[in-house]
Amino acid sequence: MSGIYIHIPFCKQACHYCDFHFSTSLKSKTTLVNYITKEIELRKKEFPNNINSLYLGGGTPSLLTNNELSIIFNSLKQVIDISSLKEVTIEVNPEDVNREKLNFLKSIGVNRLSIGVQSTNDKVLKWMNRIHDKQQVLLSLKLAKEYEFENFSIDFIYGTPPFLNRDYEKEISTLIEHLPSHISSYHLTIEKGTYFGHLENKKELENIEDQKSEQEFLWLSKRLESSGYNHYEISNFSLAGKQSFHNSNYWKQLPYIGFGPGAHSFLKGKRRWNVSNNAQYIKRVGTKESYFEDEKLSSLDLVNETIMLGLRTKDGFDLDKIYSNLSRNKQKILNTKIQKLIQEDLLTLKENNIFMNKKKWLLSEYAARELFTV
Amino acid sequence: MKNIRNFCIIAHIDHGKSTLADRLLQSTNTISEREMKDQALDDMDIERERGITIKSHAIQMDYVHLGQPYKLNLIDTPGHVDFSYEVSRSIAACEGALLIVDASQGIEAQTISNLYLAIENDLEIIPILNKMDLPGAMPEEVTDQIIDLIGCSEEDVIQASGKTGLGIDDILERIISKIPAPKGSDDTPLQAMIFDSVFNPFRGIIAYFRVFGGVIKKGQEVKFFNTGKTYHADEIGVLKMDLNPKNELGSGDVGYIISGVKKANEVKVGDTITSNTNPCEKAIKGFEDVKPMVFAGIYPVETDDYEELRNSMEKLQLNDASLVFEPESSAALGFGFRCGFLGMLHMEIIQERLEREFNMTVITTVPNVSYSVFLKKDLNEIIVNNPSELPEPSKVEWIEEPYIKAQVITKTDYVGAVMNLCIEKRGELSNQVYLTQDRVELSFQMPLSEIVFDFYDRLKSVSRGYASFDYSPTGYKRSDLIKLDILLNAEQVDALSALVHRSNAFTLGKKICLKLKELIPRQQFEIPIQAAIGAKIVARETIKALRKDVTAKCYGGDITRKRKLLEKQKAGKKRMRQVGRVEVPQEAFLAVLKLD
C-alpha cells in the first residue's frame with residue numbers, strides 16, 4: 001500500500017504551538033495551487049503502486065475554495081482513479097465546516113475529515129490562538145455526522161499548563177458523544193520558533209512536569225479505551241477498523257509521494273523533501289530548478305527507522321525483519337539491549353514482536369536511542 | 001655573523017601575530033603563494049583553529065637590504081601564560097623583538113609580562129601597531145600606551161596591517177637597522193641553547209637551538225649539558241619552510257639538530273648543547289626543569305581502552321615533554337592516569353589532542369594544584385596531587401598550597417568588579433598602577449587553585465572582556481583547606497572531590513550540586529546529588545526521574561529529522577560514563593570549572 005500527501009501551506013492565523021510550514025498571507029494561494037498541479041504533472045511517473053490513500057494536510061486545506069480543490073483533484077485524476085482509494089482525507093478547521101463545503105467535498109470524493117478541534121474549552125482555544133470556539137466545534141461535529149462522513153477524526157491537545165484548569169473528563173465526554181471514528185490526541189510540545197517557544201525563552205511558559213504528562217496520558221488512554229477506542233499509536237485512537245490508513249503507511253515505512261512546499265516523499269528507499277518556502281517553491285518548480293533535496297537510506301538507516309516508528313505503535317516491530325538486515329555481531333548487541341529494556345519494564349517481546357509497555361510508552365524515544373544500531 | 005638578525009614576536013592572542021608573520025614570509029619569498037596558508041608557522045590543526053601558537057617555531061628568511069644579503073631568524077613563540085617558560089627561552093635566543101599591539105585593542109597583560117622579559121634580556125624592541133585597517137583602530141591612544149610602556153618616540157611606532165600588507169617593508173628595514181647582530185665568536189667552545197623540540201615519527205626528536213659561541217658541525221659528538229647525555233649530530237641545518245641541512249653552523253645562527261634522540265624528555269628546553277671533546281665551562285643560564293602546575297585524572301570513557309590511552313599518552317609525550325603522567329585508579333572511574341599540566345590551557349589542549357589525533361574520548365576529572373601536607377606524627381611533608389589521596393584530617397597538622405602573583409590589566413571602569421572577584425578568590429591586592437588614564441594594572445597575591453576554579457570566565461564576564469591576566473608562581477603558603485566530596489545517588493564519586501578553602505566550602509558545594517543537576521541528564525529514577533565535608537552533607541539537589549521522552553507527532557515529514565536527532569543524541573551518550581547506576585556525561589566532571 002502507498003499514499004499521496006498534498007501540503008496546503010496557508011493559515012488565516014498562526015496557532016501559538018504550531019511549527020509546521022505555512023503562510024498567513026493568502027495572496028498567492030491560487031498561484032501555489034497551480035504550481036502544485038505542475039509538480040504533480042512533473043512527477044507523473046514517480047507515483048507509487050497500490051495507492052490506497054490521499055491526504056490533504058497543512059496548514060489549513062479547508063481554506064481552499066471549491067475551485068482550487070477542483071484544480072488539484074482534476075490534476076490527480078490524470079494519474080490515478082480517486083474513487084478507487086480507500087481513504088481520501090482532508091484536514092478542516094471547525095470554523096470552515098458548513099453544509100455547502102461538506103457537500104462539495106463529498107462530491108469530489110473526500111470520505112474522511114480530520115477536524116482540528118484541539119479542545120472544547122474556550123479559554124484553552126483562545127490561549128492557543130485558535131480561531132474557533134466550542135460552539136463551532138460542536139456544530140462541525142454535528143454536520144460531519146449529518147453528511148454521513150462515516151470516517152471523521154478529531155485532533156485534541158493535552159499536556160497544557162495547569163493554570164488552564166481543564167476538565168478533561170468533560171471535554172472528552174462531550175467529544176465522544178459525537179462518535180468520531182478516530183481521535184489524535186497530542187501532548188503539547190513547545191517548539192522553537194513558535195509563540196510558545198518565545199514564551200519559554202522568556203521563562204513565561206514551561207513544559208508540565210513529566211509525572212503530570214504521564215498521568216494525563218495514561219488517563220486518556222484508559223478513558224478512550226473504555227469507550228471502545230483502540231490506542232494503536234502513542235497519539236492515536238480509533239474505533240474498530242478505523243485506523244488511519246494514511247498514517248499507518250508512514251509507520252510501516254510504506255511509500256508515499258508528497259506535493260507542495262515542504263512536503264516529504266518516500267520512494268524507492270529514498271526520502272526527499274521539497275523546499276519549505278512558498279515563494280522559492282513557486283519559483284523553482286516554475287523554472288524546473290531543483291526544488292527538493294533527497295537522501296538514499298542505508299540499510300542501517302532503515303533498521304533504525306523501523307525501530308523508531310515501530311516503538312510508537314501498539315504492534316511494535318518484527319524482530320526477525322530487523323535481524324535479517326543486521327550482521328551477527330549487531331544482532332548480538334541489539335539482543336543485549338532488548339533484554340536490558342525488557343528488564344527495565346519498557347519493552348515486551350511477544351511472538352517475535354517487540355513493543356513498548358503502555359505504562360512506559362512515553363519513553364519510546366529513550367528506548368529507540370538505546371536500540372539504534374550504529 | 002654581522003648579517004644575522006634573530007628576533008621574536010611579542011603579542012597578545014588575536015592581535016594578529018601569525019598573520020603578520022605570514023606577510024613577512026611572503027615579502028621575503030620564504031614561502032611561495034602556492035604554499036601559503038594562514039598561520040603558515042602553526043603546524044597543528046588545533047593551533048590554526050583556535051588561532052593560537054602552542055609550540056615555538058623558527059624560520060629563516062633571506063632578505064637583501066642595500067645590496068647586502070641578510071639572514072633573518074624569526075622565532076615564533078606561544079602566547080599563553082601556560083607556556084611562559086618556553087617563551088622565556090625563545091626570548092633568550094634573540095637580540096630583538098617585534099612588539100605587536102592591536103590598534104583597536106591596546107596593550108594586554110600577557111604582552112606586558114613578556115615585554116618585561118624581553119627588556120630584561122636586553123632585546124631591542126620594535127613597536128608595531130597592527131590591524132590599522134580596522135575601522136575601530138585607535139592609533140593615537142594605543143601609540144601613547146606603547147610610548148608610556150617602553151619610552152620610545154612616536155616615530156618609532158610602525159603602523160602596520162597583516163591583512164593589507166601595510167608597514168611590512170618598514171618592519172623588515174627596521175629589523176636590520178635596529179636589532180643588533182649577534183655577539184660571540186666562532187673560536188670559543190660550542191655553546192648553543194635549545195629553545196624547543198618537535199617529534200618526527202621518522203627522524204625522532206628534532207631540537208631547535210641558537211648558537212651563542214663556537215661552531216656546531218655535522219657528525220660531531222655533542223653533549224647536552226644538563227642531562228649529561230651525549231649524542232652524534234646526525235644532521236644539522238637551518239629551518240626554512242622545510243629542514244635545510246648544512247655542514248656547520250656558527251655563532252649567532254639558529255638551526256636544528258637531529259641526533260637519534262627518541263624521547264622528548266631527554267631534550268629539555270633551555271638546555272645547553274656543547275662539544276663532547278671540547279665542552280664549554282658553563283651552561284647558558286636560565287635553565288629550569290619545568291614543573292607541572294595543574295593536575296587532573298584522565299580516564300578512558302570505555303574502561304577497556306586503558307591500554308590504548310596509555311599508548312596515546314606516550315606518543316603525545318614524545319611531542320610534548322611538559323606532559324607528565326602516572327597510572328592511578330579511581331573507585332568511580334577505574335584505571336586511568338594522573339597527569340600534570342603547565343596550566344589550564346595546556347590541559348584543554350592535551351584533552352583535545354587525544355581526541356583529535358588519537359581518537360580517544362576521555363574523561364578529565366576536576367583539576368587541582370599540588371599540595372604540601374604536613375603530618376601530625378612527625379611533621380613529615382607529603383606531596384598530594386590528588387584530593388582523594390589526602391590523609392585523614394585527624395592526621396594532618398597543616399596544609400600548604402601554591403600561591404601566585406596575579407597581574408590583571410583592565411579598564412578603570414572595571415577595577416571594582418575585578419577587585420571584588422579577586423578578593424572573593426582569596427586574593428590580596430599588592431599593587432595598583434595606572435598605565436594610562438583609563439588602563440590599570442592590578443597585582444594580587446592569590447592561591448593558584450583559585451585560578452583553576454572558574455576564574456578566567458568570571459574575569460571575562462565581570463570585565464566584559466576588557467581584562468587580561470597573567471601570573472607567576474611565588475611559593476607555598478599555609479591554608480585552611482578541607483576536602484569537599486560529591487555523592488551521586490548516595491555514592492561518593494572520588495573523581496569529583498576537591499580541596500577547597502573552608503570559607504568557600506558551603507557556597508561551592510551548593511554551586512557544584514546545581515551545576516551537576518544541569519549537566520546530568522534525567523534518568524528513569526530520581527538522583528540525589530549531595531556535597532559533603534566528611535560525613536556532613538552541606539548541599540543537596542535532586543534530578544527528577546525521566547517519565548516522558550517522546551514527541552507527540554511522527555508523520556511523513558518528521559521521520560528523517562527525528563531519526564537523525566535520535567542518532568545524534570545516541571552518539572552524545574557515548575561520552576557518558578556509568579558511575580554506579582548513574583550515567584554521567586564527560587563535561588560534568590569538569591563542572592566545577594564553569595560555575596555561575
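Chain A is the first sequence line, chain B the second, and so forth, proteins listed ahead of strands; every chain is numbered from 1. Side-chain atoms are counted along with the backbone in the values below, which use heavy atoms only and exclude waters and symmetry mates.
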Region of A:Leu309 that comes under 4.5 Å of a non-hydrogen atom in chain B: side chain
Proximity of residues 251-259 of chain A to chain B, residues having a non-hydrogen atom under 4.5 angstrom: A:Trp251, A:Tyr256
Pair A:Tyr281 and A:His7, ring centroids less than 6.0 Å apart: no
Portion of A:Glu214 that has a non-hydrogen atom of chain B nearer than 4.5 angstrom: side chain
Proximal component of A:Phe372, with respect to chain B [non-hydrogen, under 4.5 Å]: both
Proximal component of A:Leu346, with respect to chain B [non-hydrogen, under 4.5 Å]: side chain
side-chain hydrogen bond (donor to acceptor under 3.5 Å, both in side chains) involving B:Asp549 - partner list, sequence neighbours excluded: A:Arg369
Under 4.5 Å from a heavy atom of chain B, the part of A:Ser364 involved: both
Part of A:Leu363 within contact of chain B (heavy atom distance under 4.5 Å): both
Between A:Asp301, A:Asn304, A:Asn247, the one whose heavy-atom pairs under 4.5 Å with chain B are most numerous: A:Asp301
Ring centroid separation A:His187 to A:Tyr158 under 6.0 Å: yes
Region of A:Ile307 in contact with chain B, defined by heavy-atom distances below 4.5 Å: neither
Of B:Val500, B:Leu484, B:Leu496, the residue whose pairing with B:Ile512 passes side chain to side chain contact (heavy atoms under 4.5 Å, CB included): B:Leu484
